[in-house]
Amino acid sequence: MSNPFLELQNVKTHFPIERGMIFRKQVGTVKAVDGVSLSLRKGEILGLVGESGCGKSTLGRTILQLIPPTDGTVILEGKNLNRLKGDELRYARADFQMIFQDPYASLNPRMTVYDTLAEAISTHKNVPTGEMPKRVSALLEKVGMSPRFIRKYPHEFSGGQRQRIAIARALAVEPKLIVADEPVSALDVSIQAQIINLLGKLSREMQLTLIFISHDLSVVKHISDRIAVMYLGRIVELGPAAQVFDRPLHPYTKALVSAIPTADLGIGGKSKRIILSGDPPSPINPPSGCPFHPRCPFCDLPRCATIVPKLEPLDDPAQTAACIRLKEIH
């Protein structure tokens, strides 16, 4: 991808494990993100999916510099975010924002909607006091809420309304990149669809680049342009959303797609559910070679336990998967 809007180059985020009350000693490392390279174009929506604990939320926070990367670089519009410190990083945050999973926890319960949004606007924008109510009202209308709610507190709203307020807060500084971390997992199914449609609409209208994090493939199916599948801190498959759903390449992606609930109408039968053996390995002591090989139904020992696979295409260069047996299993 020439001149990508956002580029990750071999990003790693490791957390040391220390023991000892007085003399602290490192006894291990949690490899939450372990070498992710990725490029996004401006206005693209990327669905980032995987099981709980695969590192997708840590990757989102690392991109936004909420957690500094252990290694690798995060480049936004040609600017290396890793090198930004202090005020320089604070000013740059107007270009990238985050929407958190639990809007009730991320909103200050002692601040009204007006105060919450006005604070976000004034942090990066010099807006005259008399113009602020108009700005706040416009933000609420943009996310589908009435301006008459501006004097209410978070506890007076439903979960879906609170998430709309959180989205409005993220939009207050007119960002170019938004990372939405499981933004609908705490909401009812009917409300999930509304929030997903809202994010898709805003992304198209404002040319926002959006990283939509979820553990549920069915949630990101209709909003994403591309989907990246994570497993144990690494991207194991990346491709256009429709292709990843219709023809998954990696054995792990196949298992995730097979787990999506579908209506059995008795026409051709349902696709067979793929049950993976065992639990995901610990990021403290990941397996050698392919991280998925202990659970993979197509594992070929000792090759899969010794060779670290790279993202490679099968037929279409737009869809890649990290599996040394791609041609053998397709």
Side-chain angles (χ1 to χ4, degrees), residues 8 10-12 30-39 46-59 213-221 224-262 264 268-330:
L8 312 183
N10 195 34
V11 172
K12 298 180 181 180
V30 178
K31 298 178 179 180
V33 178
D34 198 25
V36 171
S37 296
L38 195 63
S39 296
L46 177 76
L48 185 59
V49 299
E51 291 172 294
S52 297
C54 71
K56 54 190 185 296
S57 292
T58 302
L59 178 60
I213 299 173
S214 178
H215 64 272
D216 188 349
L217 264 172
S218 62
V219 168
V220 301
K221 181 176 182 179
S224 304
D225 298 312
R226 286 192 299 160
I227 290 178
V229 182
M230 278 193 78
Y231 185 81
L232 209 63
R234 301 178 185 179
I235 301 292
V236 297
E237 183 160 351
L238 175 66
Q243 291 179 210
V244 171
F245 275 92
D246 295 340
R247 193 193 179 199
L249 299 181
H250 197 278
Y252 178 60
T253 312
K254 291 177 181 288
L256 292 181
V257 172
S258 76
I260 298 175
T262 56
D264 184 5
K270 286 182 66 176
S271 59
K272 186 177 179 181
R273 171 75 187 274
I274 300 174
I275 306 296
L276 298 176
S277 61
D279 296 319
S282 169
I284 299 174
N285 186 27
S288 60
C290 174
F292 186 62
H293 86 262
R295 306 175 70 196
C296 182
F298 304 102
C299 177
D300 179 20
L301 295 175
R303 287 198 303 157
C304 292
T306 55
I307 301 173
V308 179
K310 297 180 180 180
L311 286 170
E312 295 178 339
L314 180 60
D315 300 318
D316 186 347
Q319 185 179 7
T320 57
C323 177
I324 63 172
R325 300 199 63 201
L326 269 186
K327 294 182 180 179
E328 299 172 41
I329 63 179
H330 286 277

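Numbers for residues simply follow the sequence, beginning at 1.
- Rounding to the nearest 0.5 angstrom, the gap separating the CG atom in Leu232 from the CD atom in Glu51 is 10.0 Å.
- Here the closest heavy-atom approach between residue His293 and residue Cys304 is recorded as ND1-O, 3.6 Å.
- Taking NZ from Lys327 and CD1 from Ile329, the interatomic distance works out to 13.0 Å, rounded to the nearest 0.5 Å.
- In terms of heavy-atom proximity, Leu314 sits nearest to Leu249 at CD2-CD2, 3.9 Å.
- Distance check, rounded to the nearest 0.5 Å: CD1 of Ile307 to CD1 of Ile324 gives 4.0 Å.
- Within 6.0 Å of NZ in Lys254 there are more than 12 heavy atoms belonging to other residues, nucleotides or ligands.
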Discussion item. Under the criterion side chain to side chain contact (heavy atoms under 4.5 Å, CB included), I'd like the reasoning laid out for Thr58 against Met230: C-alpha separation, chi angles, the key distance, then a yes or no.
Written reply: CA-CA 11 Å; Thr58 302; Met230 278 193 78; over 6 Å; no
Worksheet item: Yes or no on side chain to side chain contact (heavy atoms under 4.5 Å, CB included) for Thr320 and Glu312, after CA distance, side-chain angles and deciding distance?
Response: CA-CA 5 Å; Thr320 57; Glu312 295 178 339; 5.7 Å; no
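- Every ring pair (Phe, Tyr, Trp, His ring centres under 6.0 Å) that His250 has, sequence neighbours left out, goes to Phe292.
- Ser288 places a side-chain N or O within donor-acceptor distance of the main-chain N or O of Ala305, the cut-off being under 3.5 Å.
- Nearest heavy atoms, Pro281 versus Pro291: CG-O, 4.1 Å.
- For Asp300, the salt bridge (Lys or Arg N to Asp or Glu O under 4.0 Å) partners are Arg303, not counting sequence neighbours.
- Taking every heavy atom of both residues into account, Val244 and Gly239 meet most closely at CG2-O, 3.7 Å.
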Practice prompt. Kindly indicate, with the supporting measurements, whether the criterion side chain to side chain contact (heavy atoms under 4.5 Å, CB included) is fulfilled by Leu238 and Leu46.
Written response: CA-CA 10 Å; Leu238 175 66; Leu46 177 76; 4.1 Å; yes
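- A distance of 10.0 Å separates CD of Glu237 from SG of Cys323, quoted to the nearest 0.5 Å.
- In this structure a side-chain-to-backbone donor-acceptor pair under 3.5 Å is present from Ser258 to Ile274.
- Atom OG of Ser37 sits about 10.5 Å away from atom NZ of Lys310, to the nearest 0.5 Å.
- Residues Ile227 and Val49 approach most closely at CG2-CG2, 3.9 Å, considering heavy atoms.
- You'll find the side chain of Asp34 reaches within 4.5 Å of the side chain of Lys12, heavy atoms only.
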Worksheet item: Run the salt bridge (Lys or Arg N to Asp or Glu O under 4.0 Å) check on Asp316 and Arg247 step by step: do they pass?
Response: CA-CA 11 Å; Asp316 186 347; Arg247 193 193 179 199; over 6 Å; no
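- Considering every non-hydrogen atom in both Lys56 and Gly50, the closest pair reads NZ-O, 3.1 Å.
- Considering only residues two or more places apart in sequence or on other chains, Arg325 meets the salt bridge (Lys or Arg N to Asp or Glu O under 4.0 Å) condition with Glu328.
- Taking CG of Leu276 as the start and CZ of Arg295 as the end, the distance is 5.0 Å to the nearest 0.5 Å.
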